[in-house]
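Taking it in order: structure first as structure tokens, then the write-up.
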Amino acid sequence: QVQLVESGGELVQVGGSLRLSCAASGRTFSWYALGWFRQSPGKEREFVAAITWTGGRTLYTDSVKGRFTISRDNAKNTVYLKMNSLKPEDTAVYYCAAGVLGRTTSSYDYWGQGTQVTVSS
């Protein structure tokens, strides 16, 4: 079992920045690829970014490329999502997940409880 706890979500203005963190505990954290997903009311959970256990490969959805950066610190059992140039459409609950590298929810076995990001115009 892997337990994931997200933090860092808050209300921010358009164009602002946030850094989300996801702290892991339980089974060996560094064996897993880690992903960030988000979900808005009435919409399906969508892929945002993912990173391999070594950090050597990253994936991003097109809408966040150049604005968001995923990174991990295996010594701290933490994965980060740095979000710049935030837009109202980035408003969502953001979830981190652990599993195998992929763009679909089925690639990930463990999920956090989510953290709310609200971008105000």
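These numbers were taken from a predicted model, which means no experiment stands behind them.
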Can you check side-chain contact (heavy atoms from CB on, under 4.5 Å) on Tyr95 and Leu4, steps first, answer last?
CA-CA 9 Å; Tyr95 299 89; Leu4 303 170; over 6 Å; no
Verdict with supporting geometry, Thr104 and Arg45, side-chain contact (heavy atoms from CB on, under 4.5 Å)
CA-CA 9 Å; Thr104 63; Arg45 192 168 297 188; over 6 Å; no
Starting at CZ of Arg19, measure out to NZ of Lys82 and round the result to the nearest 0.5 Å.
8.0 Å
Drop me the distance from Leu34's CG to Thr52's OG1, to the nearest 0.5 angstrom.
9.5 Å
Treat each ILVMFWY residue as a node, draw an edge where side-chain heavy atoms are under 4.5 Å apart, and state whether Val79 and Leu59 are in one component.
no
Joint hydrophobic cluster, Val100 plus Ile70, side-chain heavy atoms closer than 4.5 Å
no
Arg67 side chain to Ser85 main-chain N or O, any donor-acceptor pair under 3.5 Å?
yes
Judged by atom type as modelled, is there a donor-acceptor pair below 3.5 Å linking the side chain of Arg57 to the main-chain atoms of Leu101?
no
Using a strict threshold of under 4.0 Å (side-chain N to carboxylate O), is an ion pair present between Lys65 and Asp62?
yes
Heavy-atom pair with the smallest gap, counting every atom of Ser121 and Pro88
CB-CG, 4.3 Å
What is the minimum heavy-atom distance between Gln113 and Val5, and which atoms define it?
OE1-CA, 3.7 Å
Distance check, rounded to the nearest 0.5 Å: Glu89 atom CD versus Ser63 atom OG?
8.0 Å
Sidechain-backbone polar pair: Glu6 side chain, Cys96 backbone, donor-acceptor under 3.5 Å
yes
A side-chain contact here means heavy atoms from C-beta on lying under 4.5 Å apart; do Ser120 and Leu11 qualify?
yes
Please find out if less than 6.0 Å separates the ring center of Phe47 from that of Phe37.
yes
Between the main-chain N or O of Trp53 and the side-chain N or O of Asn74, is there a donor-acceptor pair closer than 3.5 Å?
yes
Look up atom CD in Gln3 and atom CG in Asn77, then write down how far apart they are to the nearest 0.5 Å.
11.0 Å
Determine whether Val2 and Tyr32 make a side-chain contact, defined as any pair of heavy atoms from C-beta on separated by less than 4.5 Å.
yes
Hydrogens and angles aside, do Asp73 and Thr78 bring a side-chain donor and acceptor to less than 3.5 Å of each other?
no
Taking every heavy atom of Thr69 against every heavy atom of Tyr60, the minimum-distance pair comes out as CA-OH, 3.4 Å
Polar side-chain atom of Thr115 near backbone of Gly9 as donor-acceptor pair, under 3.5 Å:
yes
Provide the closest heavy-atom pair for Val93 versus Gln116 in the form atom of the first, atom of the second, distance.
CG2-OE1, 3.2 Å
If I take atom OH from residue Tyr94 and atom CH2 from residue Trp36, how far apart are they, to the nearest 0.5 angstrom?
10.0 Å
Would a distance-only check, ignoring hydrogens and angles, find a side-chain to backbone donor-acceptor pair under 3.5 Å from Ser40 to Thr91?
yes
Identify the two heavy atoms, one from Phe68 and one from Val48, that lie closest to each other, and give their separation to 0.1 Å.
CD2-CG1, 3.8 Å
Glu10 and Leu18: side-chain contact (heavy atoms from CB on, under 4.5 Å), yes or no, with the steps?
CA-CA 8 Å; Glu10 62 181 68; Leu18 282 177; 3.3 Å; yes
Centre of Tyr80's six-membered ring, under 6.0 Å away, within 45 degrees of the axis: is that where NZ or CZ of Arg72 sits?
no
Nearest-0.5 Å distance, OG of residue Ser7 to CG of residue Leu20:
8.0 Å
Apply side-chain contact (heavy atoms from CB on, under 4.5 Å) to Met83 and Val117, showing your working.
CA-CA 10 Å; Met83 305 185 294; Val117 172; 3.9 Å; yes
Which atom of Ala50 lies closest to which atom of Tyr108, heavy atoms considered:
CB-OH, 3.3 Å
Evaluate whether atom CD of Glu44 has more than 12 neighbouring non-hydrogen atoms of other residues, nucleotides or ligands under 6.0 angstrom away.
no
